[in-house]
Engineer: 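Can you keep this structure in mind? I'll have questions shortly.
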Amino acid sequence: MTNKEIARLLKNMAAAYTILGENRFKIIAYENAASSISSSVQEVQQLAREGKLSQIGGVGPSISAHLDELFKKGKSIHFDTVLAKIPPAVFPLLEIPGFGPKKAIKLVSKLGLKNKNTAIADLQKAAREGKIAPLEGFGEKSQQDILKSIDLYRNLGGKEQRMPLPFASNIASDYVSYLEKLKSTQNIATLGSLRRSLPTIGDVDLAVATDNPPETIHSFIAYPSVSRVVEEGSEGATVLLQNSEHVDLRIIDKKRWGSMLQYFTGSKKHNIRLREYALKKGYSLNEYGIKEVKTGKMHLFETEESLYKFLGLLYIPPEIREDRGEIEAAEKNQLPDLIQLSQVKGDLQVHSSYPIEPSHDLGADTMKDMINKAKKLGYKFVAFTEHNPSISKHTTAQIIEIMKKRKAKIEQLKDSTKSVRILNLLEIDIMTDGVLALPDKALDYIDAGLASIHSSFNQPPEQMTRRVLKGLSHPKIKIYAHPTGRLINQREGIKAQYSEIFTYCAQNHKAIEINAYPLRLDLPDDLIIEARKKGCKFTLGTDAHDISGMDLMTYGVSLARRGWLTRHDILNALEYNELYQWLTN
DNA sequence: GCCGTTTTCGGCCCGACTGTTTTCAGTCG
């Protein structure tokens, strides 16, 4: 079963319990478990095999026992018994926007919907025939809304696409510099997942504090790339851009800027935890401020810093507001000193146009150009990591010849370049059987290698894990590059036993790459956290195939920050000599 | 059902919006 299927099952359990009138906290528990499973990048069934189900937040002894039974025997008696008490036609209706358990059961029973396979179509027919409006609790308006929601559901087809962070970030920064030019603009910021630097973004949300809201809103909707104004009000507006990217503007009162920014930045789970924390101290927290429960006195916050401080907490950076222990850490003065872009002294994955005749894509710019770019970025070092020469198109002797020449070229550049040190690395495929796609002797011509998967992404987890570990076992290989192999919106990552891989890397002097390429943003943050706990070191690489690609290091840094990493976890923060020693040791 | 510097019991966030209601229920974020 996929995570999505498991999450849906638990969501259905929550719905069933809602209809059956179960304890509402039990319902919330099932919903929480469903939501953390649906957002997990680790395969839950795999975790179950390793006996690690309880690692997932919100999955405790009861749910994990039922899931274990389900995975081992193909069904869970408990789940089946509860779900059997609900008419089956209820469940498909839950997928329609605006439908919850109560509305679904009411319609299913009053309209007599029996067939779960045709439930949505049957409902649509009933609405068209005007059979919903007369029902108690419904009316003409809700009948129309149901028809609209069904259309919406059908159009979406359940697959809403999220933008990779760098795309959303570009849209936002262009919009921000446009709105900043207004004299009335006092404060401006991004909100939500964009501000927390999630790898993928749904809507771009912006906040503006202004002394002239109408002017701000007018300018917002008059922005040149707006293709359609979806909503326009006194507190904000929503527009669609050329490629139907959704952008929301929210006008925020300067006196409450801190509270609103905090609230709309989220995450939801962080906010819930923060409110629970505040309540224990006698404060009720909402998006407008903090209320003293006893006296009703309201405190307003112009900055987030003052808000967190008022609650006795250090300022929590947006990237780690995910309810992963950050509030407790802020309380105890134990927040990590997260890595910053300025601490990154070089790029450890760059592809030049050097004619290495690779099996994958070559870069577009010369080594020289990329070195100059590295200088401009203020780097102390840069690593060339072209793909290995194609092994199907060359003999071993030819490959060695290519590698020899490349080494000579890099040596020459090393000698002639003072300000930036150059590393002679190579990105080498791990073939399906775990063998490196480079003859052993050819590895003599590099300082160290990155190993990565570029084919047969669908091997079963055990086989994939053995393949990766075998590839990494070569003494020259020091970095496991773009570890999951995912391409956002295009390809799921490999299925592997990551905890085994991380343990191996921590114990065998292998670093894990955090790849900043926009469609990769790989490793995902929860796996970074797991790898860090095992003691792994990390590298940052843009995977740039031209000089402009080298500007995207900031997204690798965001990802590392989301994974709680500091400069001590990341090899790019070392001085060149220490780094060279680490890679050649 | 989950969870823990309030840890094996006794808690469990807060408000907006919508449509149907004359004070609330359901859904959403």
Side-chain angles (χ1 to χ4, degrees), chain A residues 10-11 13-37 39 53-67 78-79 82 93-107 132-146 148-149 152 191-193 196 202-203 205 231 233 235-236 248 250 256 259-260 262-291 293 298 311-313 323 325 327-334:
Chain A
L10 296 178
K11 226 180 96 192
M13 282 293 294
Y17 275 146
T18 307
I19 292 165
L20 295 170
E22 254 291 357
N23 175 306
R24 69 190 177 97
F25 296 111
K26 191 195 268 196
I27 295 164
I28 291 171
Y30 270 89
E31 280 167 352
N32 285 340
S35 118
S36 49
I37 286 175
S39 66
L53 272 183
S54 53
Q55 272 184 10
I56 306 163
V59 177
S62 171
I63 292 179
S64 77
H66 297 314
L67 286 177
H78 175 69
F79 292 162
V82 174
L93 300 192
L94 299 176
E95 306 301 321
I96 303 171
F99 272 67
K102 302 276 177 82
K103 192 189 280 185
I105 186 69
K106 213 185 265 178
L107 288 169
I132 291 178
L135 300 177
E136 193 192 336
F138 294 88
E140 193 55 43
K141 181 74 171 66
S142 50
Q143 182 166 273
Q144 289 312 310
D145 286 348
I146 287 171
K148 274 187 212 153
S149 294
L152 188 65
L191 300 169
S193 53
R196 303 201 312 282
D203 303 342
D205 294 322
E231 255 180 56
E235 303 287 313
D248 278 339
R250 192 174 294 275
R256 302 171 191 269
S259 294
M260 298 288 264
Q262 195 287 319
Y263 173 78
F264 287 111
T265 296
S267 66
K268 188 182 170 189
K269 284 172 87 176
H270 173 85
N271 286 356
I272 289 174
R273 184 55 63 98
L274 193 65
R275 286 188 189 145
E276 287 173 359
Y277 174 84
L279 213 49
K280 283 175 194 163
K281 298 200 157 192
Y283 300 114
S284 173
L285 175 64
N286 63 27
E287 57 261 55
Y288 305 109
I290 294 178
K291 194 167 74 179
V293 174
M298 195 73 172
L311 293 171
L313 298 171
D323 187 25
I327 291 172
E328 295 76 0
E331 186 185 18
K332 289 185 222 154
N333 215 344
Q334 287 172 355

Engineer: Indicate, with a heavy-atom threshold strictly under 4.0 Å, whether A:Ile63 touches base, sugar-phosphate, or nothing.
Structural biologist: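 It contacts sugar-phosphate atoms only.
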Engineer: From the set B:dA16, B:dT6, B:dC13, return the single nucleotide nearest to any side-chain atom of A:Glu276.
Structural biologist: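 Among B:dA16, B:dT6, B:dC13, the one nearest the side chain of A:Glu276 is B:dC13.
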Engineer: Within the side chain of A:Arg256, is there an N or O that forms a donor-acceptor pair under 3.5 Å with the backbone of A:Gly289?
Structural biologist: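 No; judged by distance alone, with no hydrogens or angles, the pair does not exist.
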Engineer: Taking the side chain from A:Asp203 and the backbone from A:Asp205, do they hold a donor-acceptor pair closer than 3.5 Å?
Structural biologist: no
Engineer: Sequence neighbours left out, what passes side-chain contact (heavy atoms from CB on, under 4.5 Å) with A:Ala33? Give chain and number order.
Structural biologist: A:Leu10, A:Val59, A:Ile63
Engineer: Does A:Glu328 CD have over 12 foreign heavy atoms under 6.0 Å away?
Structural biologist: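 Result for CD/A:Glu328: enclosed.
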Engineer: Using a 4.0 Å heavy-atom cut-off, does A:Leu279 contact any base of the nucleic acid, only the sugar-phosphate backbone, or nothing at all?
Structural biologist: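 Sugar-phosphate, backbone atoms only, no base.
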Engineer: With distance as the sole criterion, is a donor-acceptor pair present between the side chains of A:Lys26 and A:Tyr30 under 3.5 Å?
Structural biologist: no
Engineer: Where along nucleotides 19-29 of chain B does protein come under 4.0 Å, by heavy atom, of base (B) or sugar-phosphate alone (S), with - for untouched nucleotides?
Structural biologist: SS-----SSSB
Engineer: Establish, with yes or no, whether the OP1 or OP2 oxygen of B:dA16 is under 4.0 angstrom from a side-chain nitrogen or oxygen of A:Tyr288.
Structural biologist: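 For B:dA16, OP1/OP2 do have a side-chain N/O of A:Tyr288 under 4.0 Å.
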Engineer: Restricting to ring pair (Phe, Tyr, Trp, His ring centres under 6.0 Å), what partner residues turn up for A:His270, sequence neighbours left out?
Structural biologist: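 By the ring pair (Phe, Tyr, Trp, His ring centres under 6.0 Å) rule, A:His270 matches no residue at all.
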Engineer: Considering every strand shown, what is the Watson-Crick or G-U wobble mate of B:dT8 when both distances are under 3.5 Å?
Structural biologist: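 Partner of B:dT8: none.
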Engineer: Does B:dG15 have OP1 or OP2 under 4.0 Å away from a side-chain N or O of A:Asn286?
Structural biologist: yes
Engineer: Compare side-chain N and O positions of A:Ser284 against OP1 and OP2 of B:dC13 and report whether any pair is under 4.0 Å apart.
Structural biologist: no
